[in-house]
There are 2 protein chains.
Amino acid sequence: MTLPAGLPMPVPDPDLPRRVRVHEVGPRDGLQNEKGVVPTEVKAEFIRRLAAAGLDTIEATSFVHPKWVPQLADAEALFPLVRDVGARLPVLVPNERGLDRALALGAREIAVFGSATESFAKANLNRTVDESLAMFEPVVARAKAAGARVRGYLSMCFGDPWEGAVPVGRVAATGRRLFDLGCDELSLGDTIGVATPGHVGALLRAFDAEGVPAGRLAVHFHDTYGQALSNTLAALRHGVTTVDASAGGLGGCPYAKSATGNLATEDLVWMLDGLGITTGVDLGHLTATSVWMAGHLGRPSPSRTVRAISHQES
Amino acid sequence: MTLPAGLPMPVPDPDLPRRVRVHEVGPRDGLQNEKGVVPTEVKAEFIRRLAAAGLDTIEATSFVHPKWVPQLADAEALFPLVRDVGARLPVLVPNERGLDRALALGAREIAVFGSATESFAKANLNRTVDESLAMFEPVVARAKAAGARVRGYLSMCFGDPWEGAVPVGRVAATGRRLFDLGCDELSLGDTIGVATPGHVGALLRAFDAEGVPAGRLAVHFHDTYGQALSNTLAALRHGVTTVDASAGGLGGCPYAKSATGNLATEDLVWMLDGLGITTGVDLGHLTATSVWMAGHLGRPSPSRTVRAISHQES
């Protein structure tokens, strides 16, 4: 895919980092939230193309029980197909059984998925926050002992459908406990997309007060209210250098078929290219990959950058 | 329409302004770029509902020749229906004849539409930049003499389909000439949506070097590449306090039927509400207005906030 010549014009901002690591979540968080089940070989090709586009961290799949996430039930078949693709390939594991399956296949990075609120911990994990942390403790310890890197996810960091706004101090205290268990990095999820830039700054300051610098955090924004990229910009200004995004904006929302999922990697990379921030990602190559994937899913990408570059109709 | 309780949580940022004026362009820039022609009475009701939602500046219509913009050919019939709605109602005028028509109907604010690039001046106005400024000179002078407020528009301020990236110094020098003619305010248009936040800062610094402070500028971003709100945030950080937006994101683009027009007023107000920045706009009321208008246009709003609050399908 060809970008408009000379655009976006790179104009650095001295208050922003020079390099950002894009943590690509399309194959896992994206496909997990799509209605259809994508064939294993298509997933493998998707991951290969993402790596070829320059993404160096691609969350590949989830070793959760197939009953809960049928879209990713082929984790065992998929992982060996992509293991040597040349990118870091974290995989989600819900518990020790999932960890065993992932390590047996040679996974070198895992992620555990916690909640900042009791309501979502109950709804998603059927546990209290304390109980879920207790469940993660042996997972993280054994992963670290096996030499694997561990990412923690913390969902509902800004608002929750049951509890409304979530106090930043409580989120930071819970997040701190995931580092205490041994997590190397923590991704702050705005699961229902209600964050705004000042709230992002306040949460990052609360983590700083807990002794967690922005360099150990990632941000994971959803575009439900169109705020994902502005929130990302605010996070970069506070020193965050790892940003989660989903190629083509994969990962829908029950309320709007093609509009309110994850931050699209292309929209993010367009902004970072325009800021002169290095990512290693080739935007034309990535856009072509998302157009190819959109063909398999049978609907256009919700990413505005993908639509603009590819002239896709909505 | 009901917002999620307590959300967005207002968290002010001390580096941002406390109050922002939203310059609503939906009835003019939005409807001008929609395929269908909306009945005059529906337009009038739209403007009344926008005013009732708290928008104090609503660009109502254009007194351009009906041959060029058939969607707004009813300016003469529409304006008297809304004149007393209780909001400022700027109208676009292309030349002295348009000015005469607008003033005769009691318009108190007008806008002229210039270009930062020679290519777009030629394509849109069939004139050079110098020739277009010469055409505006008597329009602005006579409007000011009649006691009207004058807004200038400058399009293609960041990039141009023919010339690529546009040097910020050239944009600021051209914009300065519109102030020299007597314009009270200048709206910087990213007509093809290619701006990024660092570029926004660089352009505002270039205007400052020309003796034009950010307080006299407005920003007008298009969401072609998903950057409109991030660019707005960057502009606020540089002292801009007037932001153009279109209710419901009205104003499509030929390449994507419902995705890449103007910044949606609702997405903007969600962010500003979250930052604790006063606008006077009631987001629930505004969203209901956009849903009502989407019904008349026969397609859902492209605004993510409208979709999320109203549970509209895409």
Side-chain angles (χ1 to χ4, degrees), chain A residues 4-13 16 158-159 161 164-166 168 192-202 223-230 232-234 253 255-260 264 266-268 270-276 300 302-305 307-309 311-314, chain B residues 4-13 16 158-159 161 164-166 168 192-202 223-230 232-234 237 253 255-260 264 266-267 270-276 300 302-305 307-309 311-314:
Chain A
L7 294 167
M9 184 170 88
V11 186
D13 179 327
L16 298 180
F158 296 89
V166 183
V168 295
I192 58 170
V194 296
T196 43
H199 198 164
V200 172
D223 213 22
T224 319
Y225 297 86
Q227 310 292 312
L229 199 56
S230 300
T232 301
L233 182 61
C253 157
Y255 297 130
K257 280 179 301 219
S258 69
T260 65
E266 289 85 354
D267 296 10
L268 170 65
W270 179 281
M271 183 177 82
L272 297 177
D273 280 356
L275 286 161
S303 160
R304 301 202 169 185
T305 297
R307 291 186 187 190
I309 293 177
H311 303 265
Q312 274 195 326
E313 288 286 330
S314 67
Chain B
L7 294 168
M9 183 170 89
V11 186
D13 178 328
L16 298 181
F158 297 89
V166 183
V168 294
I192 58 170
V194 297
T196 42
H199 199 163
V200 173
D223 213 23
T224 319
Y225 297 86
Q227 310 292 312
L229 199 57
S230 300
T232 300
L233 182 61
R237 204 169 290 282
C253 157
Y255 298 130
K257 278 179 300 213
S258 69
T260 66
E266 289 85 354
D267 296 11
W270 179 280
M271 183 178 82
L272 297 177
D273 280 357
L275 286 160
S303 160
R304 300 199 171 187
T305 297
R307 292 186 188 189
I309 293 177
H311 303 264
Q312 273 193 328
E313 287 285 330
S314 67

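Proteins get letters first, then strands, A, B, ... in listed order; numbering begins at 1 in each. In this text, all values refer to a predicted model and were calculated from it rather than measured experimentally.
- For a residue to count as touching a neighbouring chain, one of its non-hydrogen atoms must lie under 4.5 Å from one of that chain's; by this rule Ala195(B) touches chain A with the backbone only.
- In terms of modelled atom types and a separation under 3.5 Å, the side chain of Thr305(A) and the main chain of Tyr225(B) share a donor-acceptor contact.
- Of the residues considered (Val168(B), Val194(B), Ile192(B), Leu272(B)), Val194(B) shows the highest number of contacts with chain A, using heavy-atom pairs under 4.5 Å.
- For the side chain to side chain contact (heavy atoms under 4.5 Å, CB included) with Pro197(B), the qualifying choice from Asp13(A), Val11(A), Leu275(A) is Leu275(A), the only one to do so.
- Side-chain atoms of Thr224(B) and Arg304(A), non-hydrogen and from C-beta on, never get closer than 4.5 Å to each other.
- Using modelled atom types, no side-chain atom of Gln227(B) and backbone atom of Leu229(A) make a donor-acceptor pair closer than 3.5 Å.
- Within the model, atoms CE of Met271(A) and OG1 of Thr196(B) stand 9.0 Å from one another, a figure rounded to the nearest 0.5 Å.
- Of the listed residues (Gly198(B), Gly159(B), Ala202(B)), the greatest number of heavy-atom pairs within a distance under 4.5 Å of chain A belongs to Gly198(B).
- Between Gly6(A) and Ala165(B), the shortest heavy-atom distance links the atoms O-CB, 4.2 Å.
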